[in-house]
There are 2 protein chains.
Amino acid sequence: MRSADLDRVRSLPLFGVMSDEAFKNVTGGAFLQKFPAGTTLLTEGDTVDFLYVLLDGSVELGASWNDKDTILAVLRPVSTFILAAVVLDADALMSAQTIERSDILMLSGEALRRAMREDAAFSVAVAQELSGCYRGLVRAIKNQKLRGGLERLANYLITQKIRQGGADTFSLPHEKRLLASVLGMTPENLSRAFASITDYGVVINGPQVTIARPSVLERLAKPDPLIDNHTPPSAAPTGKAQRERWPTDRNQRTGS
Amino acid sequence: MRSADLDRVRSLPLFGVMSDEAFKNVTGGAFLQKFPAGTTLLTEGDTVDFLYVLLDGSVELGASWNDKDTILAVLRPVSTFILAAVVLDADALMSAQTIERSDILMLSGEALRRAMREDAAFSVAVAQELSGCYRGLVRAIKNQKLRGGLERLANYLITQKIRQGGADTFSLPHEKRLLASVLGMTPENLSRAFASITDYGVVINGPQVTIARPSVLERLAKPDPLIDNHTPPSAAPTGKAQRERWPTDRNQRTGS
DNA sequence: CGGCGAATTGACGGACGTCAACTGCTGTGG
DNA sequence: CCACAGCAGTTGACGTCCGTCAATTCGCCG
């Protein structure tokens, strides 16, 4: 595995606090794999042997029941997933599938649990990462239970606008049928929601979205810092500066 | 504070692994308080200074947006809540309110974070607790996004039956309007759902529920171990036996 | 050119929220 | 002791949101 890839993993808040030696131990038995789009990495109910780290591409975390299925989160690099199952050595509650061609690093769960037991700073970092994941899910449930479909879409658009730099026009990062599942609706219903949201100063042109009258859209969306996380899931600077002090309020990442 | 109360806290998986000294440090500045029913302990957005431990009574975790509100979880003793916010020293994403008269222990967040840094075993226990909370929320989202109202009610009843010992008739632990909010519907709609579920061999008599034909109800509910957690949130035995080995698969507790 | 899948649109029905009226229980005060 | 207020729960009527089925268009790729 290339050392550049290892460096990217090292730059994650999770692994930044470890000693070089501990980091070597954890990544020693690890392997990097490239997967094509649409590959199922993990099916819900499977026992989990590895912690996954998405280095490149994108991955969806989903679940199904009774012939229905839904996407719980879409991950972008660099982020880890199924940490919770690894920590508890339990089976997966979600499936994981690549959306596009992806580079994924797989770390031994057993080695990771050992490292936690031996290195307090590392297990603190794990607890912080899990806390961030937990809070991401709290936001997701609030979004789901408190808002209607059109409101969820409106807030999604505002979040995307901010995450992509703040320009009034941007493009949707995923297929619309995928977005529909993330927002908890059917593709048909999302299509209608896009049509309706035209009335609130939004122009849709295929995957291109332009928010022509932001204030009007905001009056519909009523974005809330306690629900919407406008800071990107991994604003991971690669430098070492952040390694020196305790991060205090990363609240994002939904990827277990 | 009575030492019997401290013993109950000590018996939690979270605190069982600590040394006596570390436990004294964490509980040193702690205080136990009795709150009447309906007391708001914490409002979403507040900064969080304490880890809360519910010793007696019951507490609801809720959230609101745009004049709507919903209950995300109902806690019963003994369980901790808002751990994630304490770990990150961040503000609360949920409100907490007593449902009945409750005894609640409040532990200094700062002391807790210090204990994590100094004691690897403890921070591992925190990570495990958080993992359990995370998985509880994953179940909640799956329940919410994949099932309809009647299905959620059916599964709720089956879960209650099992948690209360398995007898065919049991009683609802909360007011129905509260249950409605937990299940993500209006009280009126829940009332109708109770009326409908009669067709599936369930008899409702005020707060008394009897599942007359379990197989019929199960065919409607299709309970799933990857969504429904039929083991109670805190099967905390008070003995020391469990303290000896690593717990391997506690998957419950939604209380942050 | 032909075919496949994503996306859109329309028609329809069911699930769910809202408003309102009514019941039954409980606690309070005359 | 009873009258009454207040609240949980239920029931009905109605409208809206949303899912389902089907037909059609569009773009992409073989």
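Letters A, B, ... mirror the listed sequences (proteins, then strands); counts begin at 1. Only heavy atoms go into these numbers, but all of them, side chains included; no hydrogens, no water, no symmetry mates.
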Can you give the donor-acceptor pairs under 3.5 Å from side chains of residues 186-204 of chain B to other protein atoms, not counting sequence neighbours?
| residue | atom | partner | partner atom | Å |
| --- | --- | --- | --- | --- |
| T186(B) | OG1 | N189(B) | N | 3.2 |
| S196(B) | OG | R192(B) | O | 3.0 |
| T198(B) | OG1 | A195(B) | O | 3.2 |

Mind listing the side-chain donor-acceptor pairs of residues 31-46 of chain B below 3.5 Å, one per line with the distance, residues two or more places apart or on another chain?
| residue | atom | partner | partner atom | Å |
| --- | --- | --- | --- | --- |
| K34(B) | NZ | D103(B) | OD1 | 3.4 |
| K34(B) | NZ | D103(B) | OD2 | 3.2 |
| T39(B) | OG1 | P36(B) | O | 2.7 |
| E44(B) | OE1 | K142(A) | NZ | 2.8 |
| E44(B) | OE2 | S64(B) | N | 2.6 |
| E44(B) | OE2 | S64(B) | OG | 3.1 |
| D46(B) | OD2 | T43(B) | N | 3.1 |

Please tabulate, for side-chain N and O atoms in residues 145-160 of chain A, each donor-acceptor pair with protein atoms closer than 3.5 Å (sequence neighbours left out).
| residue | atom | partner | partner atom | Å |
| --- | --- | --- | --- | --- |
| K145(A) | NZ | T70(B) | OG1 | 3.2 |
| K145(A) | NZ | I71(B) | O | 3.0 |
| K145(A) | NZ | S181(B) | O | 3.1 |
| K145(A) | NZ | V182(B) | O | 3.1 |
| R147(A) | NE | N143(A) | OD1 | 2.9 |
| R147(A) | NH2 | N143(A) | OD1 | 3.3 |
| R147(A) | NH2 | D228(A) | OD1 | 2.3 |
| R147(A) | NH2 | D228(A) | OD2 | 3.1 |
| E151(A) | OE1 | G148(A) | N | 2.7 |
| R152(A) | NE | L183(A) | O | 2.7 |
| R152(A) | NH1 | R147(A) | O | 2.8 |
| R152(A) | NH2 | L183(A) | O | 3.1 |
| N155(A) | ND2 | E151(A) | O | 2.9 |
| N155(A) | ND2 | A221(A) | O | 2.9 |
| T159(A) | OG1 | N155(A) | O | 3.0 |
| Q160(A) | OE1 | Q164(A) | NE2 | 2.9 |

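What separates CG of L172(A) from C1' of dA7(C) is a distance of 13 Å, to the nearest Å.
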Report all interatomic pairs (protein N or O, nucleotide N or O of nucleotides 11-13 of chain C) with separations under 3.5 Å.
| residue | atom | partner | partner atom | Å |
| --- | --- | --- | --- | --- |
| dA11(C) | N6 | R192(A) | NH2 | 3.3 |

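Partners of K176(B) according to the side chain to side chain donor-acceptor pair (under 3.5 Å) rule, which considers only residues two or more places apart in sequence or in another chain, do not exist here. Here P214(B) pairs with K161(B), D168(B), I211(B) under the side chain to side chain contact (heavy atoms under 4.5 Å, CB included) rule; sequence neighbours left out. Remark: D49(A) pairs with T47(A) by the side chain to side chain contact (heavy atoms under 4.5 Å, CB included) rule, at least two apart or across chains.
When DNA chain D is scanned in the 5' to 3' direction for atoms under 4.0 Å from non-hydrogen atoms of chain A, the outermost contacting nucleotides are dC18(D) to dC21(D).
If you check residues 176-189 of chain B against DNA chain D, the residues with a heavy atom closer than 4.0 Å are K176(B), R177(B), E188(B), listed by number. Using a 4.0 Å cut-off on heavy atoms, none of the residues of residues 196-210 of chain B approach DNA chain D. The stretch residues 143-160 of chain A comes close to DNA chain D through G148(A), G149(A), each having a heavy atom under 4.0 Å from the strand.
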Quiz item: Tell me, what's DNA chain D's dot-bracket, Watson-Crick or G-U with both distances under 3.5 Å, | for other-strand, [ ] crossing?
Solution: ||||||||||||||||||||||||||||||
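Distance alone, capped at 3.5 Å, places no donor-acceptor pair between the S58(A) side chain and the L75(A) backbone.
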